[in-house]
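Taking it in order: structure first as structure tokens, then the write-up.
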2 protein chains.
Amino acid sequence: MIESTLVSVDVLALRFDPEARAVLLGIAPRALEPFAGELALPGVLLGKGERLRDAARRAVTGKLGVPEGAISASGQLTTFDEPSRDPRGPTLSIALWATVDATKLTDDGPAWTPLADVPPLAFDHDRIVRDCRPILAGHLWRDTAFTAGLLGREFTTAHALDVTESLTGDRPYPANLGRTMERVPGLERTTQHAAALPKGGRPPSVWRWTS
Amino acid sequence: MIESTLVSVDVLALRFDPEARAVLLGIAPRALEPFAGELALPGVLLGKGERLRDAARRAVTGKLGVPEGAISASGQLTTFDEPSRDPRGPTLSIALWATVDATKLTDDGPAWTPLADVPPLAFDHDRIVRDCRPILAGHLWRDTAFTAGLLGREFTTAHALDVTESLTGDRPYPANLGRTMERVPGLERTTQHAAALPKGGRPPSVWRWTS
DNA sequence: CCAAAAGTGTTCACCTTACACCCATGC
DNA sequence: GCATGGGTGTAAGGTGAACACTTTTGG
């Protein structure tokens, strides 16, 4: 019989920080060898019979110290299978995304780094982040769970602009993004307007999911 | 330490049959329990340190009896993680596609069934096929390895029409498909024309990859 | 009033879909 | 000639990007 490969689940834990006006990626220094002390994506070995989502939750709560209830959604990205990606031996890595609700975070949190500017990471995690960014960008506005997980039940056009810029790398015109959002099923522009930014400017519309 | 899950690789082996004018899916009766005798996708357990592509080759050659050299390309689809999908115990299934060059097939081959009309399969393989069909359709014309693997180095507009219909479920207008193909990088319309079909009709253009 | 930032309206380019019509073959 | 089926041309509708101009805020 063939000996089986180990499977790890590595998570791109994302949260939107309205202060920083950017999507942040959760990373944590590794506690153990290899790469002890170096920054890495939160990851765990998949347990027997464990679902990928559950392993992702376990990674995010365990390695990032995020409370269970703060994880708002998760989903699959791709699988990385280079046999040499882990010096301990061949390990498959299944990448998932998970969105974290910032309002439910405890303060002693881990390192959150702008997705657009991630420091060098352990293993092949740089590559994972690089390969997965376009996939994440493709989920925006198309995958409701992902979008709502990042932006929350209610958000402003300004937030949407910041999230889009973080994921795709460039900032759309507010006018065009508004029209894009009007075509997103389950999303509607409310009649409310948020407070303007400290620097002034017209207060943005508030958007809400209809579910 | 956590006991690891088993990983299997299940393959959607595809080939285009110009006679049948359809994309065919390779399936084979299972030799062993569970589901012995029932039809299933070719699949193997992933060996330690084995790459997904290599496991896919192994599944296609071993379970379908397709010669090694007939596999023209392969790639990743998605992962299925229901713990109950295999009665022997929790097994992860990573689905891959592989394209098979029909000209290199030995005749004693396995069952090839039209992708548009697959009989009931063992395990959750019906679901795998159902979930993966749209992903395959999305690869057409966008993923060169996939498209060239299916259609070969040289093919006619008529073949392209048949393949598109098999994958997406409806047949495009020849005119529009021709214009789509002209925009595919690395693909060009030659000045040649193939022989017409037995029933007559205008002979279609021949297309060729420029690489 | 000025700067900042979102919203409205409009235009242009492009892509997709659809179809009428033309052409090349087998019978 | 007739049926078959791909190719050419062309027009309508939708999508996206770009931008001038307006509106609403802070200072």
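A note on names: the letters A, B, ... follow the listed sequences, proteins ahead of strands, and every chain is numbered from 1. Heavy-atom basis, side chains included; hydrogens, waters and symmetry copies ignored.
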inquiry  = Expressed as a whole number of angstroms, how long is the span from Arg142(B):CZ to dC15(C):C1'?
reply    = 13 Å
request  = Using a cut-off of strictly less than 4.0 Å, decide whether Tyr173(B) has a side-chain nitrogen or oxygen near OP1 or OP2 of dT17(C).
outcome  = no
task = With heavy atoms under 4.0 Å as the rule, sort Ser205(A) into base, sugar-phosphate or nothing.
result = sugar-phosphate
task = Please state how far atom CE in Met181(B) lies from atom P in dC15(C), giving the value in whole angstrom units.
result = 17 Å
query = Just wondering, do Thr164(B) and Arg171(B) contact through their side chains at under 4.5 Å, heavy atoms?
reply = no
message = Using whole Å, what does the distance between atom C1' of nucleotide dG16(D) and atom CH2 of Trp141(A) come to?
response = 16 Å
query = Touch check for Ala158(A), heavy atoms < 4.0 angstrom, all strands: base, sugar-phosphate only, or nothing?
reply = sugar-phosphate
inquiry  = Side chain of Thr157(A), heavy atoms from C-beta onward: which of dT24(D), dA6(C), dA18(D) has the nearest atom to it?
reply    = dA6(C)
remark   = Separation of dT25(D) atom C1' from Arg202(A) atom CZ, nearest Å, is 10 Å
ask   = OP1, OP2 of dT25(D) versus side-chain N and O of Lys199(A): anything below 4.0 Å?
value = no
query = With distance as the sole criterion, is a donor-acceptor pair present between the side chains of Thr157(B) and Trp207(B) under 3.5 Å?
reply = yes
inquiry  = Rounding to an integer number of Å, can you tell me how far Leu177(A) CG sits from dT8(C) P?
reply    = 13 Å
task = Have a look at Thr91(A) and tell me which of Ser8(A), Ser84(A), Pro83(A) forms a side chain to side chain contact (heavy atoms under 4.5 Å, CB included) with it.
result = Ser8(A)
remark   = On DNA chain C, more 5' by nearest nucleotide between Asn176(A) and Arg171(A) is Arg171(A)
ask   = Counting side-chain heavy atoms from C-beta on, which of dA6(C), dT10(C), dA18(C) comes nearest to Arg179(A)?
value = dT10(C)
Residue Arg183(B), side-chain heavy atoms: nucleotide from dT16(C), dA24(C), dT8(C) that is nearest = dT16(C)
